[in-house]
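Below is one structure, written out as structure tokens; comments come after it.
The figures here come from the full heavy-atom set of this structure, side chains too, leaving out hydrogens, waters and symmetry mates. Small disclaimer: the values here were computed from a predicted structure and weren't measured.
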Amino acid sequence: NLSGPWVDGPTELIQHAVDHLDAGEDFDRRIAMVSIDNAVELAIKTYLGLPERARGSKGPSRKELAECSESFPSLLDLLQKYAYDRIIGFSLDDIEWYHRIRNQLYHSGNGITVELSKVETYLELAIILFKNLFGNNPSIRKSGVLNSKIGQFLQLWNIFDDELRKKLPPKDHQMAYYWRRDYLSTINPEAGKLWESLAMFRNELVHGLSEIDSEKIGTKLAELKRLSEIVENATK
């Protein structure tokens, strides 16, 4: 648990995004997207800049952090280098993809809008990142957006995947998809098929590859709960 005054900045930026999302206008979604991205960048810089005795692991030198802080992709590379074990429940590609959307908004002014689903998804990824880095969820006032079906799915997916990961030995990152699927298939063929379908849906959701309606998310929520029940009953 790395709670301390250093988490105040990222927490305030996430709260700012939540407040704007509740307002519901195009302008508010743009502001929320920028604020979430700022929170992600600040959280990473804050974590990597903590003293080694506070973080409990080796980190970059001040010079290395300063050099990488000028470039968002370089900052993500630095996080991968020094905090690989905390990149759980999301990928750095996910974060970089949303950062690019934020840049489009930032540089295009009022002529571009962003879908609510994308902002909600980036918000959930930011909260997951915050928890992974600092050990706790950010202390923010709850709102309707945090109870959306998108939020529910990503939260449940992350909890399920985290528990699943604990049941398996560490593996090469590139093989993670296959050993999850194969492990679940040995438990129950239905579990393997459900996981494969849900993993594909999760990627569609995070990367905005298709239009996701409320009914489809509701169906996938039910499937995820079914998968969780199968695994829980099989591993008691």
Inset, instruction - Would you please indicate if the ring centroids of Phe153 and Phe201 are separated by under 6.0 Å? - result: yes
Inset, instruction - Return yes if some donor-acceptor pair links the side-chain N/O of Ser74 with the main-chain N/O of Glu70 below 3.5 Å, else return no. - result: no
Inset, instruction - Give a yes or no on whether the backbone of Glu196 and the side-chain of Arg181 come within a donor-acceptor separation of less than 3.5 Å. - result: no
Legend entry - Spacing of Leu21 atom CG and Leu116 atom CG [to the nearest 0.5 Å]: 6.5 Å
Inset, instruction - State whether the number of non-hydrogen atoms from other residues, nucleotides or ligands found under 6.0 Å of Glu163 atom CD is greater than 12. - result: yes
Legend entry - Side-chain donor or acceptor of Asn233 paired with backbone N/O of Glu229 under 3.5 Å: yes
Inset, instruction - Assign the ring pair Phe27 / His20 to parallel, tilted or perpendicular, where the plane angle (0 to 90°) is split at 30° and 60°. - result: perpendicular
Legend entry - same_hphob_cluster(Leu224, Ile88) at 4.5 Å side-chain heavy-atom cutoff: no
Legend entry - Sidechain N-carboxylate O distance under 4.0 Å for Glu204, Lys216: yes
Legend entry - N/O donor-acceptor pair under 3.5 Å between Asn203 side chain and Met200 backbone: no
Inset, instruction - Flag the pair Glu190 and Lys193 as a salt bridge only when some basic side-chain nitrogen lies within less than 4.0 angstrom of an acidic carboxylate oxygen. - result: no
Legend entry - Side chains of Ser35 and Asn38, donor plus acceptor under 3.5 Å: no
Inset, instruction - Examine Leu76 and Tyr82 and state if one hydrophobic cluster contains both, with Ile, Leu, Val, Met, Phe, Trp and Tyr joined whenever side-chain heavy atoms are less than 4.5 Å apart. - result: yes
Legend entry - Arg100 and Asp37 ion-paired at < 4.0 Å: no
Inset, instruction - Please confirm whether the backbone N or O of Asn132 pairs with a side-chain atom of Arg86, one donor and one acceptor, at under 3.5 Å? - result: yes
Legend entry - Side-chain (Thr186) to main-chain (Tyr183) donor-acceptor, under 3.5 angstrom: yes
Legend entry - Passing option when Leu75 is tested against Ile44, Leu92, Val40 for side-chain contact (heavy atoms from CB on, under 4.5 Å): Ile44
Inset, instruction - Measure up the Phe72 and His99 rings against each other and bin them: parallel (under 30°), tilted (30 to 60°), perpendicular (over 60°). - result: parallel
Legend entry - Carboxylate-amine/guanidinium proximity below 4.0 Å for Glu41 and Lys45: yes
Inset, instruction - Consider only side-chain heavy atoms of I, L, V, M, F, W and Y, link residues closer than 4.5 Å, and tell whether Ile217 and Phe90 are in one cluster. - result: yes
Legend entry - Ionic contact status for Glu52 with Arg55, cut-off 4.0 Å: no
